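Note that ligands are numbered from 1 as they come in the structure, with each ligand's atoms numbered from 1 the same way. Counting from 1, the numbers follow the sequence of the chain as shown. The shown structure was predicted, so the numbers you read here are calculated from the model rather than taken from an experiment.
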Amino acid sequence: MERKTIKDLLTDYKTILHHDITVMGWVRAFRSKRFIALNDGSTIDNIQVVVDFENFDENLIKNINTASSIKVSGELVESQGAGQSVEIIAKKIELLGDNFFEELQSTILQPKKHSLEKLREQAHLRFRTNLFGAVFRVRSAISFAIHQFFNQNQFFYLNTPLITGADAEGAGEMFGVTAFDLDQIPKDENGDIDYTQDFFGKKTNLTVSGQLEAETAAMGLGRVYTFGPTFRAENSNTTRHLAEFWMVEPEVAFNNLEDNIDLAENFLKYVIQYVLEHCKTDLQFLDKRFAEEQKQKPEKDRAKEGLIEKLENIVKKRFKRVSYTEAIEILMNSKENKKGKFQFPVESWGADLQSEHERYLVEKHFGCPVVLFDYPKEIKAFYMRLNDDGKTVAAMDVLFSGIGEIIGGSQREERIDVLRQKMKEMNVDEEELWWYIDTRKFGSVPHAGFGLGLERLVLFVTGMSNIRDVIPFPRTPKNAEF
Ligand code: ATP
Ligand code: MN
């Protein structure tokens with residue numbers, strides 16, 4: 001007898017109807033000791049198993065509870081009841097493992113404790129819930145779509161190192177990597193740590209971005225992208241920041257800023273369209289949950305669109321492209337700013353934009369995704385291309401509702417003299433980045449790229465509100481359990 005997934009049974013049952021089949025899964029509910037709702041993770045939907053308890057051992061039936069793992073064989077038939085297409089008439093049931101049902105009931109299934117925060121502490125049961133099942137199936141689909149998009153557009157998948165010798169990337173605070181015995185760290189004659197005695201013979205860190213390495217590869221392979229873990233030791237306990245997250249970074253030779261924005265827009269639309277097509281049942285569930293959550297909020301804080309509607313609009317609408325200078329005008333003249341409603345008032349050109357400003361532009365002012373470009377050079381990284389005005393750089397940020405910045409990128413400075421000058425001004429060590437500067441020596445070309453935080457996109461697509469709930473094992477300040 002061939003074992004099927006529940007997804008197989010529910011979507012593809014025509015040829016196996018009235019055949020005997022076997023499924024394995026976890027019991028979601030056992031109604032009237034007659035109807036088992038069984039789930040195996042392949043889909044959000046359960047299959048109903050009809051149990052004629054007279055045909056089974058009494059002890060077995062008694063031991064089947066919520067969360068029990070079972071193997072069921074029986075005939076697949078058209079369902080009598082509403083709400084499902086097929087069900088299984090059980091002929092044989094086997095309990096697969098222990099189920100500490102009393103412990104489950106007395107601690108874990110307490111409704112009060114069933115909050116998202118509590119579930120974060122239950123590594124295993126979290127995946128068993130409808131909500132997290134949906135979130136992580138969608139996350140997987142998003143990752144797949146990302147690879148597919150780049151593959152279809154002739155990009156090469158590049159793996160950049162997690163341990164980096166460059167601490168000048170300037171994207172945020174870094175975690176050090178060392179093999180030193182921390183109780184006996186070697187010091188030099190000045191009393192400073194002697195990194196020459198460490199594993200790599202120099203100070204090393206966990207990467208904050210694979211961009212600089214990706215640039216070296218783009219200078220030969222043309223179109224590359226990275227997709228891997230990224231680390232930031234920023235102590236910002238927000239709902240949008242993780243200490244370990246997954247970043248996608250395309251880098252393209254011969255692209256300018258406009259090409260880069262086009263790429264970002266096409267890329268986001270492709271991935272969201274993919275999820276709309278391939279994750280229908282999960283999205284329907286998340287859409288309902290999202291609507292329920294909005295109802296709990298005060299009217300003024302509610303999202304204007306439903307979740308699926310929001311995703312469809314992303315695919316349909318053109319992103320609004322606005323220069324930083326225009327955006328600052330809008331923000332300075334906004335009612336919110338004049339009435340002191342922003343936590344960080346916008347006072348003058350040159351100010352760095354906070355999430356609240358980004359969200360104002362997207363949610364209140366334009367009502368669609370916004371791409372800001374040409375930022376003041378002082379608030380952006382050294383490698384961004386200096387514009388002819390001498391004041392701004394060819395940077396671009398893509399802003400989404402509810403999130404703020406989802407993508408940050410730029411055209412890179414390909415002119416070696418300008419790059420060196422910028423590094424000097426911004427105190428970036430030229431010696432350490434000799435290999436990076438070299439890319440501007442031998443056939444330097446215009447090029448551009450960006451970084452997308454995978455979890456910010458998953459957050460947006462699933463309508464969840466805390467970034468910790470869209471990564472399987474969140475790493476945040478004071479938290480590295482499991
Ligand atoms: P922010 O200003 O929101 O902290 P950033 O400007 O530091 O972000 P970049 O260095 O431009 O971010 O990184 C590129 C992308 O990586 C961001 O657009 C965002 O999607 C994501 N990202 C950055 N930091 C984090 C983090 N701590 N946790 C999760 N995603 C992040
Ligand atoms: Mn950024």
Exercise. Which atoms of ligand 1 sit under 4.0 Å from any heavy atom of R240?
Worked result: 3 (O), 28 (N), 29 (C)
Problem set entry | Between T325 and W349: side-chain donor-acceptor atoms closer than 3.5 Å | yes
Exercise. Does ligand 1 have any atom that is closer than 4.0 Å to a heavy atom of M247?
Worked result: yes
Exercise. Looking at Y383, does the NZ or CZ of R385 lie under 6.0 angstrom from its six-membered ring centre and within 45 degrees of the ring axis?
Worked result: no
Problem set entry | ligand 1 atoms in contact with I407 (distance to a heavy atom under 4.0 Å) | 18 (O)
Exercise. Atom 21 (C) of ligand 1: which of A395, G453, S355, G451 has the nearest heavy atom?
Worked result: G453
Exercise. Just by distance, do the side chain of Q411 and the backbone of L257 share a donor-acceptor pair under 3.5 Å?
Worked result: yes
Exercise. Ion pair present between D287 and K280, side-chain N to carboxylate O less than 4.0 angstrom?
Worked result: no
Problem set entry | Working for ring pair (Phe, Tyr, Trp, His ring centres under 6.0 Å), residues F254 and H447 | CA-CA 5 Å; F254 316 113; H447 60 290; 9.2 Å; no
Exercise. Going by the order shown, which atoms of ligand 1 are within less than 4.0 Å of some heavy atom of G408?
Worked result: 18 (O)
Seminar exercise, completed: Contact region, H241 to ligand 1, non-hydrogen atoms below 4.0 Å, reads both
Seminar exercise, completed: If you compare I467, T230, I403, I406 by their heavy atoms, the one closest to atom 20 (O) of ligand 1 turns out to be I406
Problem set entry | Between E251 and Y225: side-chain donor-acceptor atoms closer than 3.5 Å | no
For this session: Ignoring angles and geometry beyond distance, decide whether L242 reaches within less than 3.5 Å of ligand 1 through its nitrogen or oxygen atoms.
Result: yes
